[in-house]
Amino acid sequence: MNIYVYSVSCSKYNKKNNQIIINELMKTYNDLQLYSFDDFLNDNKILNMDIDHLIVSGGDGVLHRIVNHLKNKLDQITFGYIPMGTANDFAHNYHLDCKNIKESIDIIKSNNVINIPLINLNDNLVLYGISMGKMSNVSINTSKKSKKILHKFIYKLKGIKYMFSKKVDVLYKDLNSNEEKIYHVKALLIFKTKYLGGVRIAKKINEQITLVTIKNIFSLIKLFIFGRFMNIKNLKESEFELICDSVWCVDGELIDLKKAKISYNQNKIRLLSKNT
């Protein structure tokens with residue numbers, strides 16, 4: 001079975017483009033089943049279906065929730081992704097943030113599959129990034145109207161605004177070496193991506209998990225302007241723990257957490273992409 005899931009709440013969604021996507025996908029998949037994002041998550045029968053291809057149109061948070069919804073059968077599914085979010089960090093990272101819908105559909109039709117490593121965060125799977133601190137509110141608390149007008153630039157403005165909020169304490173514990181450290185920061189970022197907020201901060205994808213601390217507005221500006229030249233800390237492929245009583249954001253989705261164990265997941269998702 002082949003399924004197409006679309007989210008109407010994303011900043012770049014409109015009915016005309018969605019119909020174009022449906023028409024094109026039906027030329028490729030004869031048995032294509034259509035679901036809105038909410039209907040897909042609420043239909044428990046899907047968990048028992050044999051899914052060959054699952055095409056998602058939405059933002060990074062939408063893809064995050066769908067992958068987690070199907071995490072017990074990821075080895076059976078090939079994912080296609082048509083980015084309709086604002087920053088589309090995951091899409092940028094794997095050459096999916098195309099100039100137009102036709103390019104996105106062409107990637108899906110090419111049937112070129114790559115394997116994407118995942119991160120474990122307690123019972124959740126993470127596609128590319130975790131953040132904590134006040135800045136984690138940026139993507140969630142920005143109105144859809146503002147995103148449509150200013151696109152990813154609105155994230156930079158909101159990020160600067162949150163730099164004047166209070167700092168938070170984050171306890172970092174390496175569970176292999178027993179190393180402990182307390183970070184007193186505006187925000188702490190854990191990611192394995194070369195893009196943040198739709199802005200490139202690294203020359204290439206780093207398969208190691210990277211930790212970045214944002215202590216003030218100057219470190220935020222430094223990250224986005226000079227990030228690709230910075231010596232940012234790469235964490236080894238070991239399990240570590242974070243404890244922080246603040247807002248957590250995972251792949252663009254708010255997560256209700258205070259404590260989390262983080263490590264690489266042995267599973268990968270099969271993603272239709274350009275050659276990387």
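- Inter-residue side-chain proximity for Lys222 and Ile217 is flagged as unmet; no heavy-atom pair is nearer than 4.5 Å.
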Donor-acceptor pairs under 3.5 angstrom involving side-chain atoms of residues 159-171: please list them, not counting sequence neighbours.
unit_1	atom_1	unit_2	atom_2	d
Ser165	OG	Tyr162	O	2.6
Asp169	OD1	His184	ND1	2.6

Quiz item: For Lys261 and Asn122, what are the C-alpha separation, side-chain angles and deciding distance, and is it a side chain to side chain contact (heavy atoms under 4.5 Å, CB included)?
Solution: CA-CA 5 Å; Lys261 288 184 180 179; Asn122 293 345; 4.0 Å; yes
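- Scanning both residues, Glu241 and Ile243, for their nearest heavy atoms gives OE1-CD1, 4.0 Å.
- For Lys192 (side chain) and Pro117 (main-chain N/O), a donor-acceptor pair under 3.5 Å exists by modelled atom type.
- The hydrophobic clustering, which links ILVMFWY residues whose side-chain heavy atoms are closer than 4.5 Å, places Met1 and Phe40 together.
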Exercise. Starting from the C-alpha separation in whole Å, work towards a yes-or-no answer on ring pair (Phe, Tyr, Trp, His ring centres under 6.0 Å) for Tyr6 and Phe37.
Key: CA-CA 6 Å; Tyr6 58 92; Phe37 176 59; over 10 Å; no
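- Nearest heavy atoms, Ser273 versus Asn112: O-ND2, 2.8 Å.
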Quiz item: Is there a side chain to side chain contact (heavy atoms under 4.5 Å, CB included) between Thr213 and Leu189 once you walk through the steps?
Solution: CA-CA 6 Å; Thr213 56; Leu189 313 175; over 6 Å; no
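- Between Lys102 and Glu24 there is no salt bridge, since no side-chain nitrogen of the basic residue lies less than 4.0 Å from a carboxylate oxygen of the acidic one.
- The backbone N or O of Glu239 sits nowhere less than 3.5 Å from a side-chain atom of Ser263 that would complete a donor-acceptor pair.
- Checking side-chain atoms of Asn93 against main-chain N and O of Asp89 turns up no donor-acceptor pair under 3.5 Å.
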Quiz item: Between Ile130 and Phe191, is a side chain to side chain contact (heavy atoms under 4.5 Å, CB included) present by the stated rule, with each step listed?
Solution: CA-CA 6 Å; Ile130 307 159; Phe191 58 86; over 6 Å; no
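- A distance of 14.0 Å separates NZ of Lys215 from CG of Leu220, quoted to the nearest 0.5 Å.
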Quiz prompt | Candidate pair Lys194 and Ile201, rule side chain to side chain contact (heavy atoms under 4.5 Å, CB included), full reasoning | solution = CA-CA 6 Å; Lys194 62 181 179 181; Ile201 62 166; 5.7 Å; no
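- Residues Leu196 and Phe224 share a closest heavy-atom pair of O-CE2, 3.3 Å.
- The CD1 atom of Ile190 sits 10.0 Å away from the CG atom of Leu121 when rounded to the nearest 0.5 Å.
- Put simply, CD1 on Ile101 and CG on Asp106 are 12.0 Å apart, with the number rounded to the nearest 0.5 Å.
- Side-chain atoms of Lys109 never come within 3.5 Å of backbone atoms of Leu25 as a donor-acceptor pair (strictly under, hydrogens ignored).
- Annotation: side chain of Cys10 is in contact with side chain of Val62 (closest heavy-atom distance under 4.5 Å).
- Residue Ile108 comes nearest to Gly80 through the heavy atom pair CG1-CA, 4.3 Å, listed as atom of the first residue, atom of the second, then distance.
- Using modelled atom types, one finds no donor on one side chain facing an acceptor on the other under 3.5 Å when comparing Asn42 with Tyr35.
- Clustering ILVMFWY residues whenever any of their side-chain heavy atoms sit less than 4.5 angstrom apart, transitively, puts Ile82 in a cluster other than the one holding Ile20.
- Looking only at side-chain heavy atoms (C-beta outward), Leu47 and Leu70 come within less than 4.5 Å of each other.
- One N or O on the side chain of Asp60 and one on the backbone of Phe90 form a donor-acceptor pair closer than 3.5 Å.
- Residue Lys134 qualifies as open at atom NZ: its count of foreign heavy atoms under 6.0 Å is 12 or below.
- Ile269 and Ile107 end up in the same hydrophobic cluster when Ile, Leu, Val, Met, Phe, Trp and Tyr side chains are linked at under 4.5 Å.
- Distance alone, capped at 3.5 Å, places no donor-acceptor pair between the Asn17 side chain and the Asn14 backbone.
- Rounding to the nearest 0.5 Å places CD1 of Ile3 at 5.0 Å from CD1 of Ile46.
- Ile214 places a side-chain heavy atom less than 4.5 Å from the side chain of Leu223.
- Of the candidates Tyr29, Phe79, Tyr4, Tyr81, Tyr29 is the only one forming a ring-ring contact (aromatic ring centres under 6.0 Å, His included) with His53.
- When all heavy atoms of Asp50 and Lys73 are compared, the closest pair comes out as N-NZ, 4.4 Å.
- A donor-acceptor contact shorter than 3.5 Å is absent between the side chain of Asp52 and the backbone of Asn2.
- Side-chain N or O atoms of Trp248 include one that pairs as donor or acceptor with a backbone N or O of Leu257 at under 3.5 Å.
- Ile182 and Val185 fall into different hydrophobic clusters, where Ile, Leu, Val, Met, Phe, Trp and Tyr residues are linked whenever their side-chain heavy atoms come under 4.5 Å apart, directly or through other members.
- Here CG of Leu188 is found 9.0 Å from OG of Ser246. Values are rounded to the nearest 0.5 Å.
- We find the CD1-OG distance between Ile22 and Ser57 to be 9.0 Å, quoted to the nearest 0.5 Å.
- When all heavy atoms of Val250 and His64 are compared, the closest pair comes out as CG1-CE1, 3.6 Å.
- Looking at Ile262 and Asn120, their side chains never come closer than 4.5 Å, going by heavy atoms from C-beta outward.
- Scanning for salt bridge (charged side-chain N to carboxylate O under 4.0 Å, His left out) contacts around Arg65 gives Glu253, with sequence neighbours left out.
- Within the 3.5 Å criterion, the main-chain N or O of Gly58 finds no donor-acceptor partner in the side chain of Lys12.
- Residues Val212 and Tyr195 fall into different hydrophobic clusters, defined by Ile, Leu, Val, Met, Phe, Trp and Tyr side chains chained together at heavy-atom separations under 4.5 Å.
- Formation of a donor-acceptor pair under 3.5 Å by the Asp251 side chain with backbone atoms of Leu127 is found in this model.
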